[in-house]
Amino acid sequence: MPTVSRFYVTTPIYYVNAEPHLGHAYTTIVGDALTRWHRLLGDEVMYLTGTDEHGLKIQQAAEEAGTTPQAFADEIAPKFAAAWERLDIAYDDFIRTTEPRHYKAVEEILQRCYDAGDIELDTFAGKYCVSCEEYYSDDELITIDGVPDCCPIHRRPVEYFEEENYFFRLSRFEDRLLDWYAQHPTAMKPEHRGNEALGLIKGGLRDFSISRTSLKWGVPLPWDPNHVTYVWFDALTNYLTAVGFGDGTEGYEKWWPVDYHLIGKDIVRQHCVYWPAMLMSAGIDPPKGWAIGGWLLVDNEKMSKTSGNVVNPLDLIDDIGLDGFRYYVLADTAYGNDGDFTYDGLVARYNADLANNLGNLAARVATVVGKKCGGVGTAPNPDSALAAVAATAVEDTTRWWDEVQPSRALDASWQLVRATNAHLEANEPWKADPGPEVDAVMGDALEALRIVAILASPAIPSTAQAVWERIGQTGAVTDQRVPADTAWGGYQPGADVIKGAPLFPRLKA
RNA sequence: GGCGGCGUAGCUCAGUUGGUCAGAGCAUCCGGCUCAUAAUCGGAAGGUCAUCGGUUCAAGUCCGAUCGCCGCUACCA
């Protein structure tokens, strides 16, 4: 048993051809909450996000903008970092694929795979649109006025090209991948997403090309600088770069293998098939896990520029508050399935769980403590009926975070909120005269709020801290540990309990 | 076409290896309470568990068919 357990989580790195939107925010918030939870568990945490800045599209976008690819990327990348600051994302590193450290790591893994004999020169043949500077597969091409094989964008015939490319021999890894997954059946979560990935492998694997001579904006192959690698060996490798791979030491082994790659369902093939095969070739352990999410739809449609429904998460914060937004995204979507983002849903969830249940509970407790306990926090009853509810809440919350199911984890935590409201109704302390019985009931409520503050802090960090302070606890809620500090009876009485303004003002529908 | 998945109360969904599994939250209705952000608490109503047919002493839970919906089908980050 290691004395310190480590927990390393990544988001995909986001392509800088677009500004941050709700989809990026969704994955990043899930990762943030998950890693905050593990910090509560006492784990040493590494949470990585960043930007993917190479490739043809960036090269082209820069040309259109009359600038260099680097300058173009330099413009966009900070917008992601700034968005994550606004969303209170506690990332530990922000990697950009244009950084020198990343070039070293990409060169290192390429060289290892090349030395292993899994990268070979071959001929790539395909139909190529000169205007797009891209290859198309047959089913992407369209027929126009009887002329077959036309580019769907430029509506003109494509040309047949052959190009010398280096290929990664993915086809050699089918059995090894299946064996590995057979030995690690819970690596991909949720399970049904994992099954889909296994289906991809069983369907047969083809080699894929990893370099282009036409492309300039990327990392040159160490043994053949006329070729530039793209996408796979570039983007995926960031997960190694950030923990020190390629820096000449073996320091990356402190963090590797990564605990979870958080990914969207659209990039399962790359992350769950290509990536572990590349790592195997390079003599590196595959990831311990993948947490595969669905898409966050907007009004039940996929967000896209053309449908004009792109949601900027930062716009919502002004309306609903940072924690309200974070909570909605986490609580209202089953991770792994598509979620549906609607303003009505946001308001409904916010009012029900945050304003009515938690926020109102904090307010009523503060008021009664003010009237019946002199405004000073009292000790809970060690044998309170709420103690068992709290223990169950802690246990279930822990289990669901372990399954990377934030919505269920929060629901489990909220069981304690609901039970505490009911506990007050059952005892009606506002009707009783001040005394030991009222003190105990209010102590129970304060203690429940204390535990809830800890359990909810991964989702609503700033409000959790506010609750913590209002009920008279000192220090930071983030310094608490689960389960030691979520055991019943940890509330420190004797401090002033403050009502304050509503934590979550109720919203009009 | 191929492979895979889904279809459980108005809504969002839970339901391990078949035997209190017919549930939760929200919404609705009724009642209580008034400490609280017109919040809260209790109760009720509501589902032939897509359809049909099998296996079984027993099936949302297994098998087959049908209808409907969806994902993947590969060098795009």
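Reminder, nothing fancy here: chain letters follow the sequence lines and each chain counts from 1.
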Original post:
Between Arg326(A) (side chain) and Ala459(A) (backbone), is there a donor-acceptor pair under 3.5 Å?
Top reply: yes
Original post:
A65(B) and C30(B): how far apart are their P atoms, nearest whole angstrom?
Top reply: 49 Å
Subject >> Anti or syn - G25(B), cut at 90° from 0 >> reply: anti
Original post:
Over how many whole Å does the gap from Leu449(A) atom CG to U37(B) atom P extend?
Top reply: 15 Å
Original post:
What is the nucleic acid contact for Trp232(A), judged by heavy atoms within less than 4.0 Å: base, sugar-phosphate only, or nothing?
Top reply: base
**OP:** Name the orientation class of the two ring planes belonging to Phe208(A) and Tyr274(A) (parallel below 30°, tilted from 30 to 60°, perpendicular beyond 60°).
**Re:** parallel
**OP:** Give Gly359(A) one of three labels, base, sugar-phosphate or nothing, depending on what nucleic acid heavy atoms sit under 4.0 Å from its own.
**Re:** base
Original post:
Any cation-pi pair here, Lys372(A) with Trp430(A), using under 6.0 Å and within 45°?
Top reply: no
Original post:
Between G25(B), C72(B), U40(B), which nucleotide has the shortest distance from any of its atoms to the side chain of Trp295(A)?
Top reply: C72(B)
Original post:
So which nucleotide from U40(B), A74(B), A14(B) ends up closest to the side chain of Tyr274(A)?
Top reply: A74(B)
Subject >> Phe208(A)-C75(B) aromatic stacking (under 5.5 Å, under 30°) >> reply: no
Original post:
With a non-hydrogen cut-off below 4.0 angstrom, is Leu503(A) in contact with a base, only sugar-phosphate, or nothing?
Top reply: base
Original post:
Is Gly204(A) touching bases, backbone alone, or none of the nucleic acid, heavy atoms closer than 4.0 Å?
Top reply: base
Subject >> Integer-rounded Å distance: C26(B) P and Leu354(A) CG >> reply: 13 Å
Original post:
If you measure from the P atom in A22(B) to the same atom in A59(B), how many Å do you get, rounded?
Top reply: 12 Å
Original post:
Between Arg172(A) and Glu120(A), is a salt bridge (charged side-chain N to carboxylate O under 4.0 Å, His left out) present by the stated rule, with each step listed?
Top reply: CA-CA 13 Å; Arg172(A) 297 173 184 166; Glu120(A) 296 175 331; 3.3 Å; yes
Original post:
Taking the side chain of Trp430(A) as its heavy atoms from C-beta onward, which of G71(B), A36(B), U34(B) lies nearest to it?
Top reply: U34(B)
**OP:** Look at the side-chain N and O atoms of Arg506(A) and state whether any lies under 4.0 Å from the OP1 or OP2 oxygen of A39(B).
**Re:** yes
**OP:** Could you work out which one of C33(B), A74(B), C72(B) sits closest to the side chain of Glu428(A)?
**Re:** C33(B)
Original post:
What is the distance from CG of Leu56(A) to C1' of C76(B), rounded to the nearest Å?
Top reply: 11 Å
Original post:
Quick one: does Ser209(A) reach the base of C75(B) with a side-chain donor-acceptor pair under 3.5 Å?
Top reply: yes
**OP:** Between Gln270(A) and Asn356(A), just flag the one whose closest nucleotide in RNA chain B comes earlier from the 5' side.
**Re:** Asn356(A)
**OP:** Please determine, for the side chain of Asn360(A), which listed nucleotide (C41(B), C26(B), A39(B)) has the closest atom?
**Re:** A39(B)
**OP:** Run the salt-bridge test on Lys189(A) and Asp402(A) with the 4.0 Å N-O cut-off and return the result as yes or no.
**Re:** no
Original post:
What is the nucleic acid contact for Phe504(A), judged by heavy atoms within less than 4.0 Å: base, sugar-phosphate only, or nothing?
Top reply: base
**OP:** Indicate whether OP1 or OP2 belonging to C3(B) is found under 4.0 Å from a side-chain N or O atom of Lys202(A).
**Re:** no
Subject >> Least distance between heavy atoms, Ile76(A) atom then Ala18(A) atom >> reply: CG2-O, 3.9 Å
Subject >> Nucleotide nearest Ala422(A) (side chain, heavy atoms from C-beta), chosen from G42(B), C75(B), U40(B) >> reply: G42(B)
Original post:
Taking OH from Tyr350(A) and P from A39(B), how many angstroms apart are they, rounded to a whole number?
Top reply: 13 Å
**OP:** Give one of base, sugar-phosphate or nothing for Leu205(A), where a contact means two heavy atoms less than 4.0 Å apart.
**Re:** base
Original post:
So does Lys499(A) get a side-chain nitrogen or oxygen closer than 4.0 Å to the phosphate oxygens (OP1/OP2) of U37(B)?
Top reply: yes
Original post:
Under a 3.5 Å cutoff on both atom distances, Watson-Crick or G-U, what's the dot-bracket for RNA chain B ([ ] crossing, | other strand)?
Top reply: (((((((..((((.........)))).(((((.......))))).....(((((.......))))))))))))....
Original post:
In terms of side-chain heavy atoms of Arg269(A), which of A14(B), C26(B), U73(B) is nearest?
Top reply: U73(B)
Original post:
Counting side-chain heavy atoms from C-beta on, which of U40(B), C72(B), A14(B) comes nearest to Arg408(A)?
Top reply: A14(B)
Original post:
What nucleic acid atoms does Lys431(A) come within less than 4.0 Å of, heavy atoms only: base, sugar-phosphate, or nothing?
Top reply: sugar-phosphate
Original post:
Do you know which two heavy atoms are closest between Phe72(A) and Ala65(A), and how far apart they sit?
Top reply: CD1-CB, 4.4 Å
**OP:** Ignoring the backbone of Glu425(A), work out which of C76(B), A74(B), C35(B) is nearest its side chain.
**Re:** C35(B)
**OP:** In plain terms, say whether Arg169(A) and Asp207(A) are close enough for a salt bridge, that is, a side-chain N and a carboxylate O under 4.0 Å apart.
**Re:** yes
**OP:** Write down the distance between CG (Asp207(A)) and P (A74(B)), rounded to a whole number of angstrom.
**Re:** 16 Å
Original post:
RNA chain B: Asp353(A) or His54(A), which has the more 5' nearest nucleotide?
Top reply: Asp353(A)
**OP:** Measure the spacing between CG of Asp234(A) and OG1 of Thr98(A) and express it to the nearest 0.5 Å.
**Re:** 9.5 Å
Original post:
What's the CG-P distance between Leu215(A) and C75(B), to the nearest Å?
Top reply: 17 Å
**OP:** Examine distances only and state if a side-chain atom of Asp444(A) and a backbone atom of Asn381(A) form a donor-acceptor pair shorter than 3.5 Å.
**Re:** yes
Original post:
Could you give the CD-to-P distance, from Gln405(A) to G25(B), as a whole number of Å?
Top reply: 19 Å
Original post:
Can you check the Asp234(A) CG to C76(B) P distance for me, whole Å?
Top reply: 15 Å
